[in-house]
Amino acid sequence: MSEIIVAKFGGSSMKDHEAMLRSAQIAKQHNSSVTLVSATYGTTDQLHELITSATSGRWNECEKTLFKIREKHFDILQNLTKDTMVEEEVRKLLNNLETLIRGVYLLGECSLKAKDRIVSFGERTSSLLFAEAMKMIWPQKNIILFDSRDLLKTDSSYGKAKPQLTAIKSQCQNFFKFDQNKAYVGQGYIGSDENGFTTTLGRGGSDYSAALFAEGVNATVLQIWTDVAGIATTDPRIYGQAKSISEISYDEASEMAQYGAKILHPTTLVPAMRASIPVFVGSSYEKDEKGTWIRESVQEKPLIRAIAKRSNQALLTIKTPKMFNTYGFMGRIFDVFTRYEVSVDCVTTSEISVAITVDESTLAYDKFFKELEAIGEVVTEKGFTLVSLIGNEMLEQCGLGKRIFNNLEDINVRMLCLGASAYNFNILVTKEDGDQAITKLHQEFIG
Ligand code: ADP
Ligand code: ASP
Ligand code: MG
């Protein structure tokens, strides 16, 4: 086959049977070779809720959530097929889920490994239903439902597994036999480790799965279908007048994803860039809207293309007078970050201190903090939002800082980072000021 399209439909595109049929119609229209789907809308959150209720001993809550999950999936099923074998398979999956949750409730604990197994039920059930939608819309094709866990091999870091690229590539090359009569349907987000245990790629990871499959099959195009018509200049939920971007470079889009634009999982573009696969982001609700193309090089390179927001940021300041006129201090700090796999977003240094922004969830890692405290005094502040201006050639623009700060007159900028990349300028503000800062900067630079 000359063109291989890999398409991914997110949770909002799997919301109900109508959304599934609409998505199947898009897959047909584009002659998608491999289509990956997320769990139905809100289901992954509900699966996490189930685990919390079960480990806290609240069985009543578990029952309620299990009922909601069943109701939602059976409602979709009844609107898509009368095939009793499919019904039996859905029932089996959901019964299996209930058994596992009962086990967690009885034990009162749930390992990361067990969590991955439990949350995988979202994608496994939605893909089963979506395959039925595909059969209905695309009767000419042999719709092959596969289990992504057989192909997407990862390490065993449950909850945020790392893909094993060589294994994925060889599994994909062996498994897929593309021809005009077949269309494959699988799950985003889930994989398996070398012992065959279920793993997941982290929240929002279906985008990343799709990019890994696209790389694995040497796709011509990767399509990400969601609930907005492409990537906008900022999250439309923050600023309603955000504009859709028709074309953006890999570098800029990667910065956006890294700095919080939820539309793409942060690592989605890494496989696409490695394999030079252009990525299209479009809306499954308005399939004829233009959407966004992400490519290696683009025609227009505006100074500020977009503004991303990363919420729930904490600022760690590590101080020690011993740093004065010495070396190795930074190395020791970053060694702790590396060993605990804590990712650093922004860093600034002074003669005796280093300030680093991290995700607030890091504050729960007691051992990590103990090790940092052995190096110096650690001051922790939380409740921040990181606002990132994403664009081009920012390191060569006289007056950029002035324009930014003129617009943030009433807002305290706690930290700022510029210099490492020509594509971004990061500003840390309190969470209360985040949206206002974005609105003002959008009006100044984008309109
Ligand atoms: P899916 O379920 O399809 O994966 P997500 O909810 O993960 O969808 O991502 C889509 C959402 O990303 C949009 O509804 C929007 O609120 C949010 N978003 C954040 N930043 C942007 C942006 N710059 N452009 C468009 N959407 C954005
Ligand atoms: N269903 C998973 C989640 O909600 C993965 C995804 O949708 O990308 O995080
Ligand atoms: Mg998503």
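Below, all heavy atoms of this structure are taken into account, side chains as well, without hydrogens, waters or symmetry copies. Counting starts at 1 for both ligands and their atoms, in listed order.
The contact set between ligand 2 and Arg203, taken as ligand atoms under 4.0 Å from a residue heavy atom, comprises 3 (C), 4 (O), 9 (O).
Heavy atoms of Gly204 approach ligand 2 to within less than 4.0 angstrom. Every heavy atom of His265 sits 4.0 Å or more from the atoms of ligand 2. Taking 4.0 Å as the cut-off, Gly205 counts as a neighbour of ligand 2 on heavy-atom distance.
Close N/O approach between Gly202 and ligand 2 is not found [any backbone or side-chain N/O within under 3.5 Å]. An N or O contact shorter than 3.5 Å links Ser206 to ligand 2 by distance. The distance criterion of under 3.5 Å between nitrogen or oxygen atoms is met by Glu123 with respect to ligand 2.
Gln46 and Lys72 share a donor-acceptor pair across their side chains, judged by distance under 3.5 Å alone. Side-chain contact annotation: Ser209 with Ser206, donor-acceptor N/O pair under 3.5 Å absent. At a cut-off of 3.5 Å, with distance as the only test, a side-chain donor of Glu252 or Asn392 sits close to an acceptor on the other residue. Residues Asn406 and Lys440 bring no donor and acceptor atom of their side chains to less than 3.5 Å of each other.
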Name each N or O atom in ligand 1 that is under 3.5 Å from a protein N or O, and give the partner atom and the distance.
{"from": "ligand 1", "atom 1": "2 (O)", "to": "Gly11", "atom 2": "N", "distance (Å)": "3.2"}
{"from": "ligand 1", "atom 1": "3 (O)", "to": "Thr226", "atom 2": "OG1", "distance (Å)": "2.7"}
{"from": "ligand 1", "atom 1": "4 (O)", "to": "Lys8", "atom 2": "NZ", "distance (Å)": "3.1"}
{"from": "ligand 1", "atom 1": "6 (O)", "to": "Lys262", "atom 2": "NZ", "distance (Å)": "2.7"}
{"from": "ligand 1", "atom 1": "8 (O)", "to": "Thr226", "atom 2": "OG1", "distance (Å)": "3.1"}
{"from": "ligand 1", "atom 1": "12 (O)", "to": "Ile263", "atom 2": "N", "distance (Å)": "3.4"}
{"from": "ligand 1", "atom 1": "14 (O)", "to": "Asp227", "atom 2": "OD1", "distance (Å)": "2.9"}
{"from": "ligand 1", "atom 1": "14 (O)", "to": "Asp227", "atom 2": "OD2", "distance (Å)": "3.3"}
{"from": "ligand 1", "atom 1": "14 (O)", "to": "Arg237", "atom 2": "NH2", "distance (Å)": "2.8"}
{"from": "ligand 1", "atom 1": "16 (O)", "to": "Asp235", "atom 2": "OD1", "distance (Å)": "2.9"}
{"from": "ligand 1", "atom 1": "16 (O)", "to": "Arg237", "atom 2": "NE", "distance (Å)": "2.7"}
{"from": "ligand 1", "atom 1": "16 (O)", "to": "Arg237", "atom 2": "NH2", "distance (Å)": "3.1"}
{"from": "ligand 1", "atom 1": "23 (N)", "to": "Ala232", "atom 2": "O", "distance (Å)": "2.9"}
{"from": "ligand 1", "atom 1": "24 (N)", "to": "Ala232", "atom 2": "N", "distance (Å)": "2.8"}

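Identified under the salt bridge (Lys or Arg N to Asp or Glu O under 4.0 Å) test for residues 184-207, with sequence neighbours left out: Lys8-Asp207, Asp45-Arg203. Every pair passing ring-ring contact (aromatic ring centres under 6.0 Å, His included) that includes a residue from residues 275-316 is listed here, sequence neighbours excluded: Trp225-Phe280, Phe280-Trp293.
With sequence neighbours left out, Ser56 forms a side chain to side chain contact (heavy atoms under 4.5 Å, CB included) with Thr52, Arg58.
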